[in-house]
2 protein chains.
Amino acid sequence: MGNSENTEKTGEGFERAAGAQAQMRKGVLELCILSILSQGDAYPTEIIDKLKDTKLVVVEGTLYPLLTRLKNTGLLGYRWEESTSGPPRKYYKLTEIGEQYLKELQVSWTELVDAVNKTIEKGKK
Amino acid sequence: MGNSENTEKTGEGFERAAGAQAQMRKGVLELCILSILSQGDAYPTEIIDKLKDTKLVVVEGTLYPLLTRLKNTGLLGYRWEESTSGPPRKYYKLTEIGEQYLKELQVSWTELVDAVNKTIEKGKK
DNA sequence: ATTTAGTACTATGTGTTGCAAGGTACTTAA
DNA sequence: TTAAGTACCTTGCAACACATAGTACTAAAT
């Protein structure tokens, strides 16, 4: 047994919640990035901005390795394009394989949401 | 610079999709387990069965360390209880802290679902 | 009484992944 | 020449799910 009552010793309560939020996002980033690219080619900084619009904050150290991974798997391709305001940009693009894969991920996402909602709704009744 | 479109067909389909599915589940397990325990105390094997009912398959090697983690954080407590058909069972129980934390996780989950859906819906229109 | 099968909990090692932190390189303006 | 802004890249770490293997208790079969 041994539970505790050490509520709010620290006052702020659940800094852990931030960690769990981050944890929950794992895996869906791939889905989001592929979705964004399905709307049109984009370069990394642009992708980060679009994710920010939907409250999904992603940083460079996360995005760049992920894009490279997706490229190496054949889901993405890219081209360089000059910019009028800075260094050249690396525009990523969904490949055909990437499009098929995206569809599968969307199905997986829907199934996951259903499964989780089914589980947590029982607890709310 | 300037290469492009290295599409590199791998030919075979997406055994990778299985990996991404697994990846997407990460982090929501905590939410699901706490939700299940909010419906009443349960021991690990029972939890696994309940998760199976909602298509979220989890194995022992995943569940036990997670439960220990949640217990050490003070979100769960447990008690031993005799069984008529085997070794004693470790019944886990939500603490008060755990209940509050669960509520936060549910909010985070809802926000995540909204954010992801917002992102992928743009790609579908 | 010893073995076998079933149930339940525990421990260890590995691969993936998100992220913080730091670095390089190009462009424009002061 | 310096500074500031933009953009891309790398390294090292920590968290986590999972596979695998192991321990322990009970009851039925031999």
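Naming: A, B, ... by sequence-line order, numbering from 1 per chain.
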> Are A:K52 and A:D49 ion-paired here, with the side-chain N under 4.0 Å from a carboxylate O?
Replying inline: yes
>> From CG of A:L63 over to C1' of C:dT17, roughly how many Å is that when rounded to an integer?
In response: 13 Å
> If you find the nucleotide of DNA chain C closest to A:S83 and the one closest to A:G61, which residue's nucleotide is nearer the 5' end?
Replying inline: A:G61
> Choosing from C:dA8, C:dC26, D:dA17, which nucleotide comes nearest the side chain of A:P88?
Replying inline: C:dC26
> CG/A:L112 to CG/B:L56 distance, rounded to the nearest 0.5 angstrom?
Replying inline: 6.5 Å
>> Base, sugar-phosphate or nothing for A:T62? Non-hydrogen atoms, less than 4.0 Å.
In response: base
> To the nearest Å, how far apart are B:E30 CD and D:dC16 P?
Replying inline: 7 Å
> Looking at the side chain of A:V59, which of C:dC19, C:dT10, D:dC9 is the nearest nucleotide?
Replying inline: C:dC19
>> Checking contacts here: which listed nucleotide (C:dG18, D:dG5, D:dC8) is nearest the side-chain heavy atoms of A:P87?
In response: D:dG5
> Out of B:Y78, B:Y91, B:W80, B:Y64, which residue meets the ring-ring contact (aromatic ring centres under 6.0 Å, His included) rule with B:Y43?
Replying inline: B:Y91
>> Tell me the interatomic distance from A:L29, atom CG, to D:dA15, atom P, rounded to whole angstroms.
In response: 19 Å
> Rounding to a whole Å, what distance do you find between B:I33:CD1 and D:dC18:P?
Replying inline: 10 Å
> Can you check the B:Y78 OH to C:dC9 C1' distance for me, whole Å?
Replying inline: 11 Å
> Going by distance alone, is a donor N or O of one side chain under 3.5 Å from an acceptor N or O of the other, for A:Y101 and A:E30?
Replying inline: yes
> Any side-chain heavy atom of A:L102 sitting closer than 4.5 Å to one from A:L31?
Replying inline: yes
>> Can you tell me whether the side chain of B:E60 and the base of C:dC9 have a donor-acceptor pair closer than 3.5 Å?
In response: yes
> Would you say A:Y64 reaches D:dT10's phosphate, i.e. side-chain N/O to OP1/OP2 under 4.0 Å?
Replying inline: no
> Whole Å only: how far is the OH atom of B:Y43 from the P atom of C:dA8?
Replying inline: 4 Å
> Does A:T68 make a side-chain N or O approach to OP1 or OP2 of D:dC9 shorter than 4.0 Å?
Replying inline: no
> Roughly, in whole Å, what's the span from CG in A:L56 to C1' in C:dG18?
Replying inline: 13 Å
>> Would you say B:R89 places a side-chain N or O within less than 4.0 Å of OP1 or OP2 belonging to C:dT7?
In response: no
> At under 4.0 Å between heavy atoms, what does B:T84 touch on the DNA or RNA strands: base, sugar-phosphate, or nothing?
Replying inline: sugar-phosphate
>> On DNA chain C, compare the nucleotides closest to B:G86 and B:Y91; which residue's is nearer the 5' end?
In response: B:G86
> What is the distance, rounded to the nearest whole Å, between atom CD of B:E46 and atom P of C:dT7?
Replying inline: 14 Å
